[in-house]
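One structure, as structure tokens, below. Some questions next.
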Amino acid sequence: MKRTVGEMLVRSGIRLPLFLWSLAVLYPIFWMFLGAFKTNAEIYANPWGFPEQFNFDNFVTAWTDYNIDTSVFNSLIVTAVGAILCLVLAIPTAYALERIRFKGSQLLFTLYISAMMIPMVLGWIPLFFLLAQFNLLDNIFGLAIVYAISQLPFTIFVLTSFMGTIPKSLEESAAIDGMSPYGVLWKIVTPLTMSGIITVTIMNAIQFWNEYFMALIFLQSSENYTLALAIDFISNEAQYTNAWGVLFASLVFAIVPVIILYSIFQRRITKGMTEGAIKG
């Protein structure tokens, strides 16, 4: 079936802005990757061109001289501990709010959801003094706890949407067979909500990996810096040392894991968010 001129113009009008937006997003990333393989002389001489020779000196310098290796390790620890702790807290809470009806359960659920509307910046000063009181200031595990708590309302909101569609008959049958409530939760409900769990875990992990402001406030010593703080330090140094290639290389260290993670789980994330929206 031939398309009319009007239909072709409509399709072009829709796709052209999307193409231009994709170009505006992808070109700076492509430029950053090219800069990571250039010397400072090449960056100043031809900032938009290809390097004369692809070398990894900037990556080695960033990894060894600017402690990117330690920062990557710290970010991995904070991201993993924060994501796991958030799940450990969110899964039982979401199940209790969705399945166990008690006085004030709806009010408690509303409080959790309303916490998503409160800007996190309002809690930074109280959290600073609270972490100092518990000797968790300038501690990556203290930062991981803050990350986990900050994403708890969103995680509960998503998981309750998935748990609400699980037939209660499955849980009742397991209870009749003698399974405890915790057994029902971990052996019946949790596997059936795995799509939602994977989705929120990936989204939380990306959020924790890229977070900057709370790390800046709660971490003070350079050996505890996360990757975002280390990159900020290199950025400030580059203004005086002209280490722009090293800065680009450190940015590559930060962005490549996110690209790989999202590329692997892209369909899972899209499917999980779609199912959660439909089920909610």
> Phe56 and Phe37: aromatic ring centres closer than 6.0 Å?
Replying inline: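 Yes, ring centres under 6.0 Å apart.
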
> Under the salt bridge (Lys or Arg N to Asp or Glu O under 4.0 Å) test, which residues partner Glu171, sequence neighbours left out?
Replying inline: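 Salt bridge (Lys or Arg N to Asp or Glu O under 4.0 Å) check on Glu171 returns Arg99.
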
> Step by step, would you call Trp63 with Val72 a side-chain contact (heavy atoms from CB on, under 4.5 Å)?
Replying inline: CA-CA 9 Å; Trp63 190 263; Val72 169; 4.0 Å; yes

>> Under 3.5 Å, is there a donor on one side chain and an acceptor on the other for Asp232 and Tyr212?
In response: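 Result is yes, a qualifying pair exists.
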
> Is the closest side-chain donor-acceptor distance between Tyr44 and Asn242 under 3.5 Å?
Replying inline: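 Their side chains do contain a donor-acceptor pair, which is all the 3.5 Å distance test asks for.
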
> Is the number of heavy atoms from other residues, nucleotides or ligands under 6.0 Å of Phe157 CZ greater than 12?
Replying inline: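 At most 12 heavy atoms, drawn from other residues, nucleotides or ligands, come within 6.0 Å of this atom.
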
>> Checking Thr61 against Asn58: is there a side-chain donor and acceptor pair closer than 3.5 Å?
In response: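 Looking only at side-chain atoms, Thr61 and Asn58 do not form any donor-acceptor pair under 3.5 Å.
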
> Is there a side-chain contact between Val189 and Val184 (heavy atoms, below 4.5 Å)?
Replying inline: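 Heavy-atom side-chain distance check passes, below 4.5 Å.
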
Please list, one pair per line, the donor and acceptor atoms closer than 3.5 Å that link side chains of residues 144-151 to other protein atoms, with sequence neighbours excluded.
unit_1 : atom_1 : unit_2 : atom_2 : d
Tyr147 : OH     : Glu211 : OE1    : 2.5
Ser150 : OG     : Val146 : O      : 3.3
Ser150 : OG     : Tyr147 : O      : 2.6
Gln151 : NE2    : Asn204 : OD1    : 3.0

> What do the steps show when you test Trp186 against Ile91 for side-chain contact (heavy atoms from CB on, under 4.5 Å), and what is the final call?
Replying inline: CA-CA 9 Å; Trp186 297 113; Ile91 292 176; 3.9 Å; yes

>> Distance alone, cut at 3.5 Å: any donor-acceptor contact between the side chains of Thr226 and Asn74?
In response: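 Note: Thr226 and Asn74 side chains miss the donor-acceptor criterion.
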
>> If you apply the rule side-chain contact (heavy atoms from CB on, under 4.5 Å), what do you find for Leu97 with Gln106, and how did you get there?
In response: CA-CA 8 Å; Leu97 293 173; Gln106 189 60 40; over 6 Å; no

> What is the ring orientation for Phe213 with Trp124, classed by angle as parallel under 30°, tilted 30 to 60°, or perpendicular over 60°?
Replying inline: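 Judged by the thresholds at 30° and 60°, the geometry between Phe213 and Trp124 is parallel.
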
> Would you say the ring centroid of Phe248 lies under 6.0 angstrom from that of Phe33?
Replying inline: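 Aromatic pair excluded; centres sit 6.0 Å or further apart.
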
> Just wondering, are more than 12 heavy atoms of other shown residues or ligands nearer than 6.0 Å to CG in Leu122?
Replying inline: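 More than 12 within 6.0 Å, yes.
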
>> side-chain contact (heavy atoms from CB on, under 4.5 Å), that's the test. Do Trp48 and Tyr27 meet it? Break it down for me.
In response: CA-CA 10 Å; Trp48 306 104; Tyr27 186 76; 3.6 Å; yes

